[in-house]
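Labels below follow one simple rule: chain letters A, B, ... track the order of the sequence lines, proteins then strands, and each chain is numbered from 1.
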Amino acid sequence: MSEPEQTEQHLDFIRTRVKEDQESGKNDSRVHTRFPPEPNGYLHLGHAKSICLNFGIAQEFGGLCNLRLDDTNPVAEKTEYAEAIQSDVRWLGFDWEDRFFHASDYFDQLHAWAVQLIKHGKAFVCDLTFEEMRKHRGTLVEPGTNSPYRERSVEENLELFERMKLGEFSDGAKTLRAKIDMTSPNLNMRDPVIYRIIHQEHPKTDNKWKIYPSYDFAHGQSDSLEGITHSICTLEFEHHRPLYDWFCENLGIHHPQQIEFARLNLNYTVMSKRKMLRLVQEGHVNGWDDPRMPTLQGMRRRGYTPKSIRDFCEKVGVAKRDNVIEVELLEHCLRHDLNLCAPRRLGVLDPLKVTISNYPDDQVETVNAVNNPEDSDAGTRPVSFSKHLYVDRNDFMEDPPKKYFRMSIGKEVRLKYAFYITCTEIVKDEEGKIIELICEYDPESRGGDTADGRKVRGTIQWVDASTAKACEIRLYDRLFKTPDPDKVEEDGDFTDNLNSESLQTVDTALVEASVLSMETGKPFQLERVGYFCVDPDGADSDKLVLNRTVAMRDSWAKANK
RNA sequence: AGCCUGGUGGUGUAAUGGUAGCACAGAGGUUUUUGGUACCUUUAGUUGGGGUUCGAAUCCCUACCGGGCUGCCA
């Protein structure tokens, strides 16, 4: 695992705080965090930031980090999600050891605490309907008014709460509310609901409960029970902190410190579960693991490495101000990692036939290709070479501009790892389209250089016609065509900004035979083209399907825009 | 409107009263059997206005501009 390079003078505000607490001896200098997703959807890049923060801080300060599923609302939560979450966190490279918990593990304790609050006159059963409660709540500028049920006796509250628990009332008929302050400027403090009636089977507790605690009544207490020292969450929970504190204090239990940070936003995409769900449900993408999705499953299928994502999460920093990170940073982190670890292969997306006129008709030889120039231990591999080859169509120009280094008539180029060739003749079809290049090769240039040391500036990739394998390649582009997909015309919708060309399928590609043995999901580089990985879609057929993880940086294309 | 929050190059993020730094992006260059990589150089910033101070991104006042909050979601 990569060690985050946190230098002494470069700590973010959360780590600064944790460090101070540790040095002052707070919590006996323990550091204990947790990552608490709700199992109602798949994890995305925004969650990755939180995972890296929580597990990262634990590692850096010699502490622990728990994985906890916040399963207090059985309506949308599913086991399917719970399993994906564990798999994703593990894939990202983190380990919670034996500390895998559920908020539902604490339902009994939470219930007992609710009873305790009632006995202390700090909670009451309320009969107000949803609508009535909304009216009583007041507004942003006006205080709320007390519920008419606020002054029920402890005995009555106890009895009613027990009957709620027994399932005697229908959903929404009654709630248990904390008795705090209906005039508080913080709406969360206006007698918030802490238990509601939900007749719904729970993935973990089955039909044991008819009442479920709200987030506010479960989260802090769960943290407390687990001995969490720093409860790190996103900014939207800032207004809930007074409540978090209120419960810990009024229950007299261990009081973790909640700290909020700004969630991650990335341009050209959306980062909310709700919007991603729509993309999936409305068929704009092919599922949660579509390689264009910012879900961890999508990114994994696309070929993102855990290390590149961790590196990204470290580089985006942690602060309280709203932010939108440019995708270029993500792609930089990806390429940086891939450049170091991805094996190299040869392939052409748009094949153009090449015949070497002075090469023996039936001869086939092998040349040695370097597997990874950044890693000498990766060694070399044999690649077959013969009279009939393919190069990429865009590596030839009949009428090239001044600084074009690749093929054109009479211009000598290097076929990477093989020979120098010079095009002598172009073959066209009736419509004038180039269909073949007749070339001559220099037998003395085997391996890619000659004794005379002459300079050949252009080097291109190629495949041997007799051994190359056909495959389907899926080229991905950003999902949205605008940096801020939420910025729309009136009556518009973020889906208006979807990029209709975010997926382009190329079915003409040819790759060297060894690509067949690449492991699904493990990225490799097709030299000069980009990074790719085998998609699971081809697994059950003979078809080889590749995903383009990310293109190479291309300063030539950029300069010629 | 009330409350809470936050404003540092294009984008992020440091500097907590003492040289505004780093990364990505941009521009230029060196190297190169990937027009990749690596390396070098470079453009560009403290929201405005007052104040305190020898000295302010930092402290105070004020204006302006973002974001959040009226679920029995989390």
So which protein nitrogen or oxygen atoms get under 3.5 Å of nucleotides 7-13 of chain B's nitrogens or oxygens?
unit_1, atom_1, unit_2, atom_2, d
B/U8, OP2, A/Arg321, NH1, 3.1
B/U8, O4, A/Arg321, NH2, 3.4
B/G10, N2, A/Glu326, OE1, 2.7
B/U11, O4', A/Glu326, OE2, 3.0
B/U11, O3', A/Val324, O, 3.1
B/U11, O2', A/Val324, O, 2.8
B/G12, OP1, A/Val324, N, 3.0
B/G12, O5', A/Val324, O, 3.3
B/G12, O2', A/Val316, O, 2.8
B/U13, OP2, A/Arg321, NH1, 3.2

Using nucleotides 45-47 of chain B, report all nitrogen or oxygen pairs with the protein that are shorter than 3.5 Å.
none

I'd like a table of atom pairs between the protein and nucleotides 26-31 of chain B - only N or O on both sides, under 3.5 Å - with the distance next to each one.
unit_1, atom_1, unit_2, atom_2, d
B/G26, OP1, A/Lys558, NZ, 2.5

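A sub-4.0 Å separation between OP1 or OP2 of B/G35 and a side-chain N or O of A/Arg528 is present. When the side-chain nitrogen and oxygen atoms of A/Arg15 are compared with OP1 and OP2 of B/A14, none of them lie within a distance under 4.0 Å. Remark: A/Arg196 is in phosphate contact with B/C73, judged by side-chain N or O atoms under 4.0 Å from OP1 or OP2. Side-chain nitrogen and oxygen atoms of A/Asn73 include at least one within less than 4.0 Å of the OP1 or OP2 phosphate oxygen of B/C73. The phosphate of B/C73 has neither OP1 nor OP2 within less than 4.0 Å of any side-chain N or O from A/Ser214. OP1 or OP2 of B/U34 has not a single side-chain nitrogen or oxygen of A/Arg345 nearer than 4.0 Å.
Comparing B/G7 with B/C60, their P atoms sit 13 Å apart, to the nearest whole Å. If you take atom C1' in B/U13 and the same atom in B/G45, they sit 13 Å apart, rounded to whole Å. Of the P atoms belonging to B/C39 and B/A44, the separation is 24 Å, rounded to the nearest Å. The P atoms of B/G50 and B/G68 are separated by 32 Å, rounded to the nearest whole Å. For the P atoms, the distance from B/U37 to B/A1 is 50 Å, rounded to whole Å.
Legend: side chain to side chain donor-acceptor pair (under 3.5 Å) pairs involving residues 324-339 of chain A, not counting sequence neighbours, sorted by first then second residue: A/Thr305-A/Asp337.
Residues passing the ring pair (Phe, Tyr, Trp, His ring centres under 6.0 Å) test with A/Phe385 are A/Tyr359, A/Phe419, A/Trp462, sequence neighbours excluded. Among residues two or more places apart in sequence or in another chain, the ring pair (Phe, Tyr, Trp, His ring centres under 6.0 Å) test is passed with A/Phe480 by none. With sequence neighbours left out, A/Tyr42 forms a side chain to side chain donor-acceptor pair (under 3.5 Å) with A/Glu80. In this structure, A/Phe524 has no ring pair (Phe, Tyr, Trp, His ring centres under 6.0 Å) partners at least two apart in sequence or on a different chain. A/Phe35 pairs by the ring pair (Phe, Tyr, Trp, His ring centres under 6.0 Å) definition with nothing, not counting sequence neighbours. Contacts of A/Arg241 classified as salt bridge (charged side-chain N to carboxylate O under 4.0 Å, His left out), with partners at least two apart in sequence or in another chain: A/Glu260.
As judged by a 4.0 angstrom heavy-atom cut-off over every strand, A/Pro373 is placed among the base-contacting residues. Using a 4.0 Å heavy-atom distance criterion, A/Tyr404 is classed as a base contact. No engagement by A/His219 is indicated, since no non-hydrogen atom pair under 4.0 Å with the nucleic acid exists.
The number of heavy atoms from other shown groups lying within 6.0 Å of NZ (A/Lys204) does not exceed 12.
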**Report entry** Which nucleotides of RNA chain B pair, in dot-bracket form (Watson-Crick or G-U under 3.5 Å, | meaning another strand)
**Finding:** .((((((..((((....[..)))).(((((.......)))))....(((((..]....))))))))))).....
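Interface residues of residues 236-246 of chain A facing RNA chain B, ordered by number: A/Phe237, A/Glu238, A/His239, A/His240; criterion, heavy-atom separation under 4.0 Å.
Place A/Asp171 and A/Leu140 on RNA chain B by their nearest nucleotides, and A/Leu140 ends up nearer the 5' end.
With no hydrogens or angles considered, no side-chain donor-acceptor pair links A/Lys78 and A/Asn40 at under 3.5 Å.
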